[in-house]
Protein chains: 2
Amino acid sequence: MPNLDKFDIGILEALQEDARATNVEIAERVNLSPSPCLRRIRNLEKSGVIRGYRVDIDRKEVGLGLTVFVEIKVGQHSRENAEAQHTALLALPEITACFMISGTADFLAEVVVEDLSAYERFLTEKLLMLPGVADIRSNFAIRAVKTGAPLKLPQR
Amino acid sequence: MPNLDKFDIGILEALQEDARATNVEIAERVNLSPSPCLRRIRNLEKSGVIRGYRVDIDRKEVGLGLTVFVEIKVGQHSRENAEAQHTALLALPEITACFMISGTADFLAEVVVEDLSAYERFLTEKLLMLPGVADIRSNFAIRAVKTGAPLKLPQR
DNA sequence: CGAGATTTGGCATAAATCACCTGTTTGAAA
DNA sequence: TTTCAAACAGGTGATTTATGCCAAATCTCG
(Lines give C-alpha, C1' and ligand atoms only; values in the text may rest on other atoms or scores of the structure.)
Protein backbone atom coordinates (compact mmCIF):
# COMPACT_ATOMS: atom_id res chain seq x y z
CA MET A 1 0.00 0.00 0.00
CA PRO A 2 2.72 2.52 0.74
CA ASN A 3 3.98 4.11 -2.42
CA LEU A 4 7.37 2.69 -3.15
CA ASP A 5 9.49 4.60 -5.63
CA LYS A 6 12.53 3.38 -7.48
CA PHE A 7 14.79 4.23 -4.54
CA ASP A 8 12.79 2.03 -2.18
CA ILE A 9 12.73 -0.82 -4.68
CA GLY A 10 16.48 -0.46 -5.14
CA ILE A 11 17.05 -0.56 -1.41
CA LEU A 12 14.92 -3.69 -1.06
CA GLU A 13 16.76 -5.37 -3.91
CA ALA A 14 20.10 -4.56 -2.33
CA LEU A 15 18.93 -5.92 1.02
CA GLN A 16 17.64 -9.10 -0.61
CA GLU A 17 21.15 -9.82 -1.87
CA ASP A 18 22.93 -8.91 1.35
CA ALA A 19 20.90 -7.81 4.32
CA ARG A 20 24.06 -6.94 6.24
CA ALA A 21 25.37 -4.49 3.68
CA THR A 22 26.23 -1.18 5.31
CA ASN A 23 23.99 1.78 4.79
CA VAL A 24 26.83 3.49 2.92
CA GLU A 25 27.08 0.61 0.44
CA ILE A 26 23.34 0.55 -0.14
CA ALA A 27 23.28 4.33 -0.60
CA GLU A 28 25.98 4.13 -3.26
CA ARG A 29 24.15 1.38 -5.08
CA VAL A 30 20.89 3.31 -5.33
CA ASN A 31 22.60 6.66 -5.99
CA LEU A 32 21.54 8.37 -2.83
CA SER A 33 23.58 9.87 -0.02
CA PRO A 34 23.69 7.91 3.25
CA SER A 35 21.30 10.14 5.19
CA PRO A 36 18.16 9.82 3.08
CA CYS A 37 18.99 6.19 2.38
CA LEU A 38 19.02 5.30 6.05
CA ARG A 39 15.84 7.31 6.59
CA ARG A 40 14.11 5.31 3.88
CA ILE A 41 15.25 2.02 5.37
CA ARG A 42 13.87 3.00 8.77
CA ASN A 43 10.59 4.02 7.15
CA LEU A 44 10.34 0.68 5.36
CA GLU A 45 10.87 -1.02 8.70
CA LYS A 46 8.30 1.11 10.52
CA SER A 47 5.67 0.77 7.81
CA GLY A 48 5.97 -3.01 7.82
CA VAL A 49 7.32 -3.48 4.31
CA ILE A 50 10.47 -4.86 5.92
CA ARG A 51 9.45 -7.46 8.49
CA GLY A 52 12.95 -8.25 9.67
CA TYR A 53 16.34 -9.58 8.70
CA ARG A 54 17.23 -13.27 8.64
CA VAL A 55 20.39 -15.25 8.31
CA ASP A 56 20.37 -17.88 5.57
CA ILE A 57 21.74 -21.04 7.17
CA ASP A 58 22.85 -24.11 5.24
CA ARG A 59 20.54 -26.73 6.72
CA LYS A 60 22.84 -29.63 6.00
CA GLU A 61 25.72 -27.92 7.76
CA VAL A 62 23.82 -27.65 11.02
CA GLY A 63 22.63 -31.23 10.94
CA LEU A 64 19.15 -30.60 9.54
CA GLY A 65 19.31 -33.03 6.66
CA LEU A 66 15.65 -33.66 5.96
CA THR A 67 13.03 -31.32 4.52
CA VAL A 68 9.50 -32.62 4.12
CA PHE A 69 6.44 -30.98 2.62
CA VAL A 70 3.40 -32.15 4.51
CA GLU A 71 -0.10 -31.83 3.15
CA ILE A 72 -2.49 -31.66 6.07
CA LYS A 73 -6.23 -32.29 5.94
CA VAL A 74 -8.36 -31.29 8.87
CA GLY A 75 -11.77 -32.62 9.85
CA GLN A 76 -14.89 -30.77 8.80
CA HIS A 77 -15.70 -29.25 12.17
CA SER A 78 -12.08 -28.28 12.76
CA ARG A 79 -12.29 -26.27 9.61
CA GLU A 80 -14.79 -24.00 11.29
CA ASN A 81 -12.54 -22.79 14.10
CA ALA A 82 -9.52 -22.47 11.85
CA GLU A 83 -7.90 -20.04 14.28
CA ALA A 84 -7.05 -22.86 16.69
CA GLN A 85 -5.45 -24.84 13.88
CA HIS A 86 -3.27 -21.90 12.92
CA THR A 87 -2.12 -21.35 16.45
CA ALA A 88 -1.26 -25.01 16.90
CA LEU A 89 0.74 -25.18 13.67
CA LEU A 90 2.46 -21.87 14.45
CA ALA A 91 3.71 -23.27 17.72
CA LEU A 92 5.61 -26.19 16.15
CA PRO A 93 9.20 -25.09 15.61
CA GLU A 94 9.91 -27.90 13.15
CA ILE A 95 7.50 -26.19 10.75
CA THR A 96 9.42 -23.42 9.02
CA ALA A 97 6.61 -22.37 6.69
CA CYS A 98 2.91 -23.13 6.51
CA PHE A 99 0.11 -22.02 4.22
CA MET A 100 -3.59 -22.65 4.04
CA ILE A 101 -4.09 -23.77 0.45
CA SER A 102 -6.72 -24.66 -2.09
CA GLY A 103 -6.84 -28.08 -3.67
CA THR A 104 -6.90 -31.48 -2.08
CA ALA A 105 -5.25 -30.51 1.19
CA ASP A 106 -6.08 -27.81 3.70
CA PHE A 107 -2.55 -26.85 4.77
CA LEU A 108 0.87 -27.23 3.27
CA ALA A 109 3.70 -27.17 5.79
CA GLU A 110 7.44 -27.26 5.28
CA VAL A 111 9.05 -29.34 8.00
CA VAL A 112 12.81 -29.29 8.64
CA VAL A 113 14.29 -31.99 10.89
CA GLU A 114 17.52 -33.87 11.39
CA ASP A 115 16.65 -37.21 9.83
CA LEU A 116 13.94 -39.78 9.25
CA SER A 117 13.72 -40.84 12.85
CA ALA A 118 13.33 -37.24 13.96
CA TYR A 119 10.57 -36.89 11.39
CA GLU A 120 8.85 -39.98 12.73
CA ARG A 121 8.93 -38.49 16.22
CA PHE A 122 7.58 -35.20 14.93
CA LEU A 123 4.69 -36.94 13.20
CA THR A 124 3.66 -39.34 15.93
CA GLU A 125 4.33 -37.16 18.96
CA LYS A 126 3.34 -33.76 17.64
CA LEU A 127 1.51 -33.40 14.35
CA LEU A 128 -0.77 -36.42 14.67
CA MET A 129 -1.55 -35.46 18.26
CA LEU A 130 -3.19 -32.23 17.17
CA PRO A 131 -6.97 -32.40 17.44
CA GLY A 132 -8.70 -32.09 14.10
CA VAL A 133 -5.89 -33.42 11.92
CA ALA A 134 -7.67 -35.95 9.75
CA ASP A 135 -5.08 -36.97 7.22
CA ILE A 136 -1.54 -36.14 6.22
CA ARG A 137 0.62 -36.85 3.22
CA SER A 138 4.40 -36.49 3.29
CA ASN A 139 6.47 -35.41 0.30
CA PHE A 140 10.16 -35.77 0.98
CA ALA A 141 12.58 -33.31 -0.52
CA ILE A 142 15.23 -35.21 -2.44
CA ARG A 143 17.20 -32.19 -3.47
CA ALA A 144 16.90 -28.43 -3.08
CA VAL A 145 16.96 -26.64 -6.41
CA LYS A 146 16.72 -23.26 -4.73
CA THR A 147 15.54 -21.90 -1.41
CA GLY A 148 14.75 -18.42 -0.20
CA ALA A 149 15.43 -16.80 -3.55
CA PRO A 150 14.93 -13.04 -3.79
CA LEU A 151 11.46 -11.87 -4.72
CA LYS A 152 10.93 -10.46 -8.17
CA LEU A 153 9.84 -7.01 -7.05
CA PRO A 154 7.37 -5.14 -9.27
CA GLN A 155 9.16 -2.10 -10.69
CA ARG A 156 7.72 1.36 -10.33
CA MET B 1 30.15 -31.12 9.39
CA PRO B 2 32.01 -28.38 11.21
CA ASN B 3 31.76 -28.80 14.93
CA LEU B 4 29.42 -26.17 16.23
CA ASP B 5 29.55 -25.51 19.95
CA LYS B 6 27.01 -23.70 22.07
CA PHE B 7 28.50 -20.33 21.16
CA ASP B 8 28.05 -20.94 17.45
CA ILE B 9 24.50 -22.16 17.97
CA GLY B 10 23.76 -19.10 20.07
CA ILE B 11 25.16 -16.81 17.39
CA LEU B 12 23.05 -18.50 14.72
CA GLU B 13 19.94 -18.23 16.87
CA ALA B 14 20.57 -14.54 17.43
CA LEU B 15 21.08 -13.97 13.73
CA GLN B 16 17.89 -15.84 12.91
CA GLU B 17 15.93 -13.36 14.99
CA ASP B 18 17.72 -10.25 13.73
CA ALA B 19 20.40 -10.63 11.11
CA ARG B 20 21.27 -6.94 11.36
CA ALA B 21 22.04 -7.03 15.06
CA THR B 22 25.46 -5.55 15.75
CA ASN B 23 28.33 -7.78 16.66
CA VAL B 24 28.38 -6.16 20.10
CA GLU B 25 24.74 -7.10 20.72
CA ILE B 26 25.27 -10.67 19.57
CA ALA B 27 28.39 -10.97 21.73
CA GLU B 28 26.46 -9.85 24.80
CA ARG B 29 23.69 -12.30 24.11
CA VAL B 30 26.00 -15.31 23.86
CA ASN B 31 28.25 -14.17 26.71
CA LEU B 32 31.35 -13.61 24.65
CA SER B 33 33.41 -10.50 24.11
CA PRO B 34 33.09 -8.82 20.70
CA SER B 35 36.43 -10.01 19.33
CA PRO B 36 35.93 -13.78 19.46
CA CYS B 37 32.28 -13.35 18.56
CA LEU B 38 33.09 -11.57 15.32
CA ARG B 39 35.77 -14.14 14.57
CA ARG B 40 33.22 -16.94 14.94
CA ILE B 41 30.72 -15.18 12.68
CA ARG B 42 33.37 -14.77 9.96
CA ASN B 43 34.28 -18.44 10.34
CA LEU B 44 30.65 -19.48 9.98
CA GLU B 45 30.47 -17.39 6.81
CA LYS B 46 33.68 -18.79 5.38
CA SER B 47 32.83 -22.41 6.18
CA GLY B 48 29.46 -22.11 4.45
CA VAL B 49 27.23 -22.60 7.49
CA ILE B 50 26.02 -19.05 6.91
CA ARG B 51 25.07 -18.70 3.25
CA GLY B 52 24.09 -15.05 3.45
CA TYR B 53 21.75 -12.53 4.98
CA ARG B 54 18.28 -11.77 3.61
CA VAL B 55 15.66 -9.15 4.26
CA ASP B 56 12.21 -10.46 5.10
CA ILE B 57 9.78 -8.47 2.94
CA ASP B 58 6.02 -8.41 3.42
CA ARG B 59 4.88 -9.71 0.05
CA LYS B 60 1.51 -8.03 0.17
CA GLU B 61 3.09 -4.66 0.89
CA VAL B 62 5.15 -4.75 -2.29
CA GLY B 63 2.24 -5.82 -4.45
CA LEU B 64 2.98 -9.54 -4.56
CA GLY B 65 -0.42 -10.79 -3.46
CA LEU B 66 -0.40 -14.33 -4.80
CA THR B 67 1.65 -17.33 -3.68
CA VAL B 68 1.14 -20.62 -5.52
CA PHE B 69 2.65 -24.03 -4.86
CA VAL B 70 3.13 -25.77 -8.16
CA GLU B 71 3.62 -29.50 -8.46
CA ILE B 72 5.56 -30.17 -11.63
CA LYS B 73 5.83 -33.49 -13.42
CA VAL B 74 8.43 -33.96 -16.09
CA GLY B 75 8.46 -36.45 -18.94
CA GLN B 76 10.35 -39.69 -18.57
CA HIS B 77 13.30 -38.79 -20.78
CA SER B 78 13.57 -35.33 -19.21
CA ARG B 79 14.04 -37.04 -15.92
CA GLU B 80 17.31 -38.43 -17.15
CA ASN B 81 19.07 -35.13 -17.75
CA ALA B 82 17.69 -33.57 -14.62
CA GLU B 83 20.45 -30.97 -14.62
CA ALA B 84 18.82 -29.06 -17.46
CA GLN B 85 15.53 -29.01 -15.59
CA HIS B 86 17.20 -27.58 -12.52
CA THR B 87 18.91 -24.86 -14.48
CA ALA B 88 15.69 -23.87 -16.21
CA LEU B 89 13.72 -23.69 -12.96
CA LEU B 90 16.54 -21.82 -11.25
CA ALA B 91 16.41 -19.13 -13.89
CA LEU B 92 12.76 -18.23 -13.30
CA PRO B 93 12.68 -15.33 -10.82
CA GLU B 94 9.01 -15.90 -9.98
CA ILE B 95 10.05 -19.19 -8.34
CA THR B 96 11.29 -18.35 -4.85
CA ALA B 97 11.87 -21.93 -3.76
CA CYS B 98 11.98 -25.25 -5.57
CA PHE B 99 12.63 -28.82 -4.46
CA MET B 100 12.85 -32.14 -6.19
CA ILE B 101 10.47 -34.31 -4.20
CA SER B 102 9.23 -37.84 -3.79
CA GLY B 103 5.59 -38.71 -4.30
CA THR B 104 3.31 -37.98 -7.18
CA ALA B 105 5.15 -34.95 -8.51
CA ASP B 106 8.78 -34.46 -9.48
CA PHE B 107 9.25 -30.88 -8.34
CA LEU B 108 7.48 -28.61 -5.92
CA ALA B 109 7.95 -24.91 -6.62
CA GLU B 110 6.79 -21.86 -4.69
CA VAL B 111 5.77 -19.14 -7.10
CA VAL B 112 5.21 -15.55 -5.97
CA VAL B 113 3.48 -13.14 -8.34
CA GLU B 114 1.30 -10.05 -8.26
CA ASP B 115 -2.10 -11.56 -9.04
CA LEU B 116 -3.97 -14.22 -11.00
CA SER B 117 -3.32 -12.66 -14.36
CA ALA B 118 0.39 -12.46 -13.63
CA TYR B 119 0.24 -16.13 -12.69
CA GLU B 120 -1.50 -16.98 -15.93
CA ARG B 121 1.26 -15.20 -17.85
CA PHE B 122 3.90 -17.04 -15.84
CA LEU B 123 2.30 -20.39 -16.59
CA THR B 124 1.60 -19.96 -20.27
CA GLU B 125 4.64 -17.92 -21.25
CA LYS B 126 7.29 -19.43 -19.02
CA LEU B 127 6.62 -22.64 -17.11
CA LEU B 128 4.65 -24.48 -19.78
CA MET B 129 7.19 -23.42 -22.40
CA LEU B 130 9.94 -25.40 -20.71
CA PRO B 131 10.77 -28.58 -22.60
CA GLY B 132 10.02 -31.70 -20.62
CA VAL B 133 7.29 -30.30 -18.40
CA ALA B 134 4.57 -32.90 -18.73
CA ASP B 135 2.00 -31.86 -16.17
CA ILE B 136 1.49 -29.23 -13.51
CA ARG B 137 -0.90 -28.81 -10.64
CA SER B 138 -1.43 -25.47 -8.91
CA ASN B 139 -2.22 -25.11 -5.22
CA PHE B 140 -3.10 -21.53 -4.35
CA ALA B 141 -2.15 -20.15 -0.97
CA ILE B 142 -5.23 -18.74 0.67
CA ARG B 143 -3.48 -17.53 3.78
CA ALA B 144 0.05 -17.62 5.15
CA VAL B 145 0.19 -19.18 8.60
CA LYS B 146 3.92 -18.61 8.84
CA THR B 147 6.79 -18.01 6.45
CA GLY B 148 10.53 -18.12 6.88
CA ALA B 149 10.38 -19.15 10.50
CA PRO B 150 13.70 -19.73 12.28
CA LEU B 151 15.13 -23.22 12.11
CA LYS B 152 14.99 -25.37 15.21
CA LEU B 153 18.73 -25.80 15.57
CA PRO B 154 19.98 -29.05 17.14
CA GLN B 155 21.60 -28.18 20.46
CA ARG B 156 25.11 -29.31 21.25
C1' DC C 1 4.13 31.20 -10.88
C1' DG C 2 4.62 31.10 -5.88
C1' DA C 3 3.83 29.30 -1.04
C1' DG C 4 4.05 25.26 1.72
C1' DA C 5 5.51 20.77 2.51
C1' DT C 6 8.63 17.18 1.77
C1' DT C 7 13.10 15.38 0.86
C1' DT C 8 17.95 15.60 0.11
C1' DG C 9 22.88 16.14 1.36
C1' DG C 10 26.57 17.57 4.45
C1' DC C 11 28.32 17.80 9.00
C1' DA C 12 29.37 16.35 13.75
C1' DT C 13 29.30 12.93 17.18
C1' DA C 14 28.61 8.54 19.14
C1' DA C 15 29.02 3.79 18.16
C1' DA C 16 30.65 -0.31 15.74
C1' DT C 17 34.00 -2.89 13.00
C1' DC C 18 38.22 -5.13 12.62
C1' DA C 19 43.22 -6.06 12.69
C1' DC C 20 46.76 -6.82 15.95
C1' DC C 21 48.58 -8.33 20.27
C1' DT C 22 48.66 -10.78 24.72
C1' DG C 23 47.34 -14.17 28.05
C1' DT C 24 44.76 -18.37 28.91
C1' DT C 25 42.75 -22.70 27.98
C1' DT C 26 42.67 -27.11 25.68
C1' DG C 27 44.32 -31.42 23.93
C1' DA C 28 47.65 -34.78 22.64
C1' DA C 29 51.77 -37.27 23.43
C1' DA C 30 55.43 -38.69 26.33
C1' DT D 1 50.77 -36.47 35.38
C1' DT D 2 53.70 -33.23 32.86
C1' DT D 3 55.02 -30.72 28.75
C1' DC D 4 54.40 -28.41 24.62
C1' DA D 5 51.89 -26.62 20.73
C1' DA D 6 47.81 -25.10 18.81
C1' DA D 7 43.57 -22.82 19.32
C1' DC D 8 40.83 -19.49 21.52
C1' DA D 9 39.24 -15.55 24.53
C1' DG D 10 39.80 -10.74 25.64
C1' DG D 11 41.76 -5.93 25.25
C1' DT D 12 43.25 -1.84 22.48
C1' DG D 13 43.15 1.61 19.05
C1' DA D 14 42.66 3.25 14.19
C1' DT D 15 39.24 3.29 10.73
C1' DT D 16 34.63 3.04 9.22
C1' DT D 17 29.66 3.46 10.02
C1' DA D 18 25.25 5.05 12.02
C1' DT D 19 22.39 8.76 13.07
C1' DG D 20 20.46 13.30 14.62
C1' DC D 21 20.45 18.09 13.06
C1' DC D 22 20.04 21.82 9.82
C1' DA D 23 20.29 24.42 5.55
C1' DA D 24 19.46 23.90 0.64
C1' DA D 25 17.07 21.80 -3.09
C1' DT D 26 12.99 19.69 -4.99
C1' DC D 27 8.34 18.66 -5.47
C1' DT D 28 3.19 19.72 -5.13
C1' DC D 29 -0.81 22.22 -5.35
C1' DG D 30 -3.56 25.98 -5.73
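Every chain is numbered from 1, with letters handed out A, B, ... down the list of sequences.
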Side chains of Tyr53(A) and Gln16(B): any donor to acceptor distance under 3.5 Å?
no
Taking the ring centre of each residue, are Phe99(B) and Phe69(A) less than 6.0 Å apart?
yes
Would you say Asp56(A) and Ile50(B) make side-chain contact, with heavy atoms under 4.5 Å?
no
Could you state the interatomic distance from SG (Cys37(A)) to CG (Leu32(A)), rounded to the nearest 0.5 Å?
6.0 Å
Just how far, in rounded Å, is C1' of dC27(D) from CG of Asn3(A)?
14 Å
Salt bridge (Lys or Arg N to Asp or Glu O under 4.0 Å): pairs with one or both residues in residues 133-149 of chain B, sequence neighbours excluded
Glu83(A)-Arg143(B)
Can you name the side chain to side chain contact (heavy atoms under 4.5 Å, CB included) partners of Thr87(A), sequence neighbours left out?
none
Tell me if a side-chain donor or acceptor on Arg20(B) pairs with a main-chain N or O of Ala19(A) at a distance below 3.5 Å.
yes
For DNA chain C, which residues in residues 28-45 of chain B have a heavy atom at a distance below 4.0 Å?
Ser35(B), Leu38(B), Arg42(B)
Any sub-3.5 Å donor-acceptor pair from Asn23(A)'s side-chain atoms to Leu38(A)'s backbone N or O?
yes
Residue-level proximity of residues 11-25 of chain A to DNA chain C when a heavy atom falls under 4.0 Å:
Arg20(A)
Pairs in or reaching into residues 28-37 of chain B: which pass salt bridge (Lys or Arg N to Asp or Glu O under 4.0 Å), with residues at least two apart or in two chains?
Glu17(B)-Arg29(B)
Would you give the length of the straight line joining atom CD of Gln155(A) to atom CG of Leu4(A), rounded to the nearest 0.5 angstrom?
11.0 Å
With a 4.0 angstrom cut-off to heavy atoms of chain B, pull out the first and last contacting nucleotide of DNA chain C, in 5'-to-3' order.
dA16(C) to dA19(C)
